[in-house]
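One structure below.
In what follows, every chain begins at residue 1, and chains take the letters A, B, ... in the order their sequences are listed. In this text, all values refer to a predicted model and were calculated from it rather than measured experimentally.
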Protein chains: 4
Amino acid sequence: MVGDAPHRGNRYGRSERARRSVLEAADDLLVERGFAALTVEGIAVRAGVAKQTIYRWWPSKTAILLEAYAQDAAEELTPPDTGDLAADLRAHLRTLAAFLTGSDAGAVFRALVGQAQHDAGLADLLRREHLAGQRERDRLPLERAVERGELDPGLDLDELVDRLVGPVHYRVLVTGVPAPAEFTDALVAGVLATAARSPAS
Amino acid sequence: MVGDAPHRGNRYGRSERARRSVLEAADDLLVERGFAALTVEGIAVRAGVAKQTIYRWWPSKTAILLEAYAQDAAEELTPPDTGDLAADLRAHLRTLAAFLTGSDAGAVFRALVGQAQHDAGLADLLRREHLAGQRERDRLPLERAVERGELDPGLDLDELVDRLVGPVHYRVLVTGVPAPAEFTDALVAGVLATAARSPAS
Amino acid sequence: MVGDAPHRGNRYGRSERARRSVLEAADDLLVERGFAALTVEGIAVRAGVAKQTIYRWWPSKTAILLEAYAQDAAEELTPPDTGDLAADLRAHLRTLAAFLTGSDAGAVFRALVGQAQHDAGLADLLRREHLAGQRERDRLPLERAVERGELDPGLDLDELVDRLVGPVHYRVLVTGVPAPAEFTDALVAGVLATAARSPAS
Amino acid sequence: MVGDAPHRGNRYGRSERARRSVLEAADDLLVERGFAALTVEGIAVRAGVAKQTIYRWWPSKTAILLEAYAQDAAEELTPPDTGDLAADLRAHLRTLAAFLTGSDAGAVFRALVGQAQHDAGLADLLRREHLAGQRERDRLPLERAVERGELDPGLDLDELVDRLVGPVHYRVLVTGVPAPAEFTDALVAGVLATAARSPAS
DNA sequence: CTGTAATCGAGACGGTACGTCGCGTCTTACT
DNA sequence: AGTAAGACGCGACGTACCGTCTCGATTACAG
């Protein structure tokens, strides 16, 4: 369950073994049983760890999920760089949709966003620690296009990102309607059509 | 505590007085203390009602919120019909943003969507009972424009709605960035630019 | 486990069934496993009762024992009344020694006195609720003897009681030496020899 | 914190400094806060010692108290030897009562006797290591009186000791009634009256 | 105009999980 | 070898709510 890392448990550092098995257990339990059935006690039992060890290092079960999410999902959502803006965005949105609806990390993300609706502190953390970085990655293809002269430098790129990823998140989080490639591709086409015309206007 | 409705408590049906005061209490407590602190016991005490009375008529606290939401919010989000598509959409999105971020019913909505991430049954109910109807209302301006010949009848109106309301929900539920009139107006302009050109292509 | 008493659980009175099974469970567990291993959780499980039900009615595990002791032991230690002072006292002390060392209720008593050394509040309760009454019973043979004219009315009867029951308690609680009939009979003889001579002096 | 003893922490045996500060800390904490609030962790912090150091040298917190008691109290309860039996016993019982009710070591003794009711192992230790020796000291005046011919050599001196110290312990441990000089002096008078007559019988 | 039955308030019940405390064990760097 | 520091697995603490239950009181209609 916990691998072969040494069991430290002394003042020269916390137990990496305990940390890892807690994150794994939380992840597994969330996917298997859902957020509502996720309890600190359940995580402790599954991880083979004392409850107090969890409370020593994490203030709440959402903090565990936040860290588990960071570990699992950080790199998955970097858009490609092929030199073709439309292609990069299409690929990125397809990956995003698959991530949000089909991956374990996406399940963690949905649970965190859900819980953030009830907990302003979590909302802040989530935005500072994850969404800000993701926004940077989401902007990359557009920034490169601006540098290549394909997009008007005066465009508000954050607004464009909202128009691209917003509808995908909306379908996943609110309506539950799938966001297949046709949907995300059309989204890219629509947004780029507007953006591309902007310099001409 | 709950007005002057008669206190029935007999075999011929439930007490309207109790129903109303439960809905009010749930609403108030959600706004005052947040979803995390919302408990059936708290609602019962605030409403001056026995816990059993709540469980007799609602299966869970989210069911109470669902009904409270229905009562408060049903009519607020019907778009105007001025004959000017862009103007109608601009007004509608401004109202939507204000509703989601600024109203008590919007707080209930956010809590329900948040909880729906953890509870598939609630997600289904929310979609069937509220989001489906709201989708109909959101489509109205576009349908009227199609009828007026301003929009290509071949357009997928649901997709257009997603592009309009998706970014607003995304900002409210995910990033927490405000969605001022400039943002929603630009959104309408962007989406309509694409849609208007579509028939020409 | 709990008999056939009705399970009330409403505001018109607590559940007698729960009360009884808690007292029994505490008693049994104390005798089986000792005070150190007696926990509220263990009592709850053994009694088939929720922990909260225990905390609703008793502030601590010693309070449970106090009540269990009252239920079991109140009447056991009333000295006989044969009209023969020495015989009554001999019988009473023999019964007392057997009670303290050999009965379940005696085990509860020893545990309570032990805990009272650590808890002044418990000490007060124990003295007010049990020891005061027992003192009254312990005095009875002596008071009757005074009335019969066998003892000097000027004697301090409480002091005599201390000289009779003190050594028995001392052996049981402190030295652990048995207090057989020879010991208690000699005790009676010694104390009465002094007391009987007192009026003559 | 504990004086100027060297801080060994080396391979040449245990640290006397640590030993002393643990015993002092345990004693102080018992008197200040009572046995119920006495924890190994608390002792360690107060003594400026690691918890492990305590567990290396003592098996339990009662073992610490046992040693602390040995250190403080061993000599205090040796009866005087004036050649006058009654006077020696009166002095001894007065000292005993004062010790039990008024001294720090007496508080430790009461806690140990209390805990011994819950722990047979502690009871054994306490009796072997302390009570046996104290019993020897308690017998001394009587043994000297036998040697002087003042008491019948056939008397059971242990029984006499029980009649002398038993009521004092009983008041202290059980009833909580004070044991002033009048009480202990009368006790001595009563017991000696019986004992003195015994040879005559 | 009286009897009756569904609903009401109140709140105790058996449970689950919470977050905390202290236990006794362990590992480490230092002396 | 022994020490101060402190993290660890563990078990119990006392509390908060859950959802179920039983109770006597209330009240609108049916007989």
Side-chain angles (χ1 to χ4, degrees), chain A residues 6-15 17-19 37-42 44-45 47-57 59-61, chain B residues 6-15 17-18 37-45 47-57 59-61, chain C residues 6-15 17-19 37-45 47-57 59-61, chain D residues 6-15 17-18 37-42 44-45 47-57 59-61:
Chain A
H7 187 174
R8 311 270 287 297
N10 58 32
R11 75 160 146 155
Y12 303 98
R14 63 193 281 194
S15 165
R17 174 194 198 246
R19 180 182 156 272
L38 188 67
T39 67
V40 173
E41 287 202 344
V45 169
V49 142
K51 214 167 33 154
Q52 181 58 51
T53 297
I54 295 184
Y55 283 109
R56 186 152 29 227
W57 301 111
S60 66
K61 67 182 181 182
Chain B
H7 184 176
R8 309 273 284 298
N10 59 28
R11 75 211 246 200
Y12 302 99
R14 67 193 284 190
S15 161
R17 175 173 108 131
L38 188 68
T39 66
V40 173
E41 298 209 339
I43 295 170
V45 169
V49 143
K51 220 169 26 154
Q52 182 57 44
T53 298
I54 295 183
Y55 283 107
R56 188 158 21 234
W57 302 111
S60 65
K61 69 181 180 182
Chain C
H7 185 175
R8 311 271 288 298
N10 57 32
R11 76 160 143 155
Y12 303 97
R14 63 192 280 193
S15 164
R17 174 196 197 245
R19 180 181 157 274
L38 188 68
T39 66
V40 174
E41 284 201 347
I43 295 170
V45 169
V49 143
K51 213 164 37 152
Q52 182 58 53
T53 297
I54 296 184
Y55 283 109
R56 190 159 18 235
W57 301 111
S60 65
K61 67 182 181 181
Chain D
H7 182 181
R8 308 274 282 297
N10 58 25
R11 74 212 256 200
Y12 305 102
R14 69 191 282 189
S15 160
R17 177 174 107 132
L38 187 68
T39 67
V40 173
E41 298 208 339
V45 169
V49 142
K51 221 169 29 153
Q52 181 58 43
T53 298
I54 295 182
Y55 282 109
R56 184 152 28 231
W57 301 110
S60 66
K61 68 181 180 183

**Request:** Rounded off to whole Å, could you give me the CZ-to-P distance for the A/R19 and F/dA7 pair?
**Result:** 16 Å
**B/R56 vs E/dT7: side-chain N/O to OP1/OP2 distance below 4.0 Å** = no
**Asked** Are any non-hydrogen side-chain atoms of D/K51 and D/V40 less than 4.5 angstrom apart?
**Response** yes
**A/R19 CZ to A/T53 OG1 distance, which is reported to the nearest 0.5 Å** = 14.0 Å
**Prompt:** Separation of A/R17 atom CZ from E/dC26 atom P, in whole Å?
**Reply:** 13 Å
**Item:** Side-chain N,O (A/W57) to OP1/OP2 (F/dG6) below 4.0 Å
**Value:** no
**Prompt:** Shortest non-hydrogen contact from B/A50 to B/A44?
**Reply:** C-CB, 4.3 Å
**Request:** Just compare F/dG9, F/dC8, E/dG15 and give me whichever is closest to any side-chain atom of A/V49.
**Result:** F/dG9
**Request:** Give the minimum heavy-atom separation between A/S15 and A/A18, together with the two atoms involved.
**Result:** OG-N, 3.0 Å
**Request:** Taking the six-membered ring of C/W57 (Phe, Tyr or Trp), confirm whether the NZ or CZ of C/R14 is under 6.0 Å from its centre and within 45° of its axis.
**Result:** yes
**Item:** OP1 or OP2 of F/dG9 under 4.0 Å from side-chain N/O of A/T53
**Value:** yes
**Complete:** A/I54 CD1 to F/dC8 C1', in whole Å, measures 13 Å
**Fill in**
Here the gap from B/I43 atom CD1 to B/I54 atom CD1, rounded to the nearest 0.5 Å, amounts to 5.5 Å
**Item:** Base versus backbone protein contacts along nucleotides 14-20 of chain F [heavy-atom cut-off under 4.0 Å; B, S, -]
**Value:** BBBSBBB
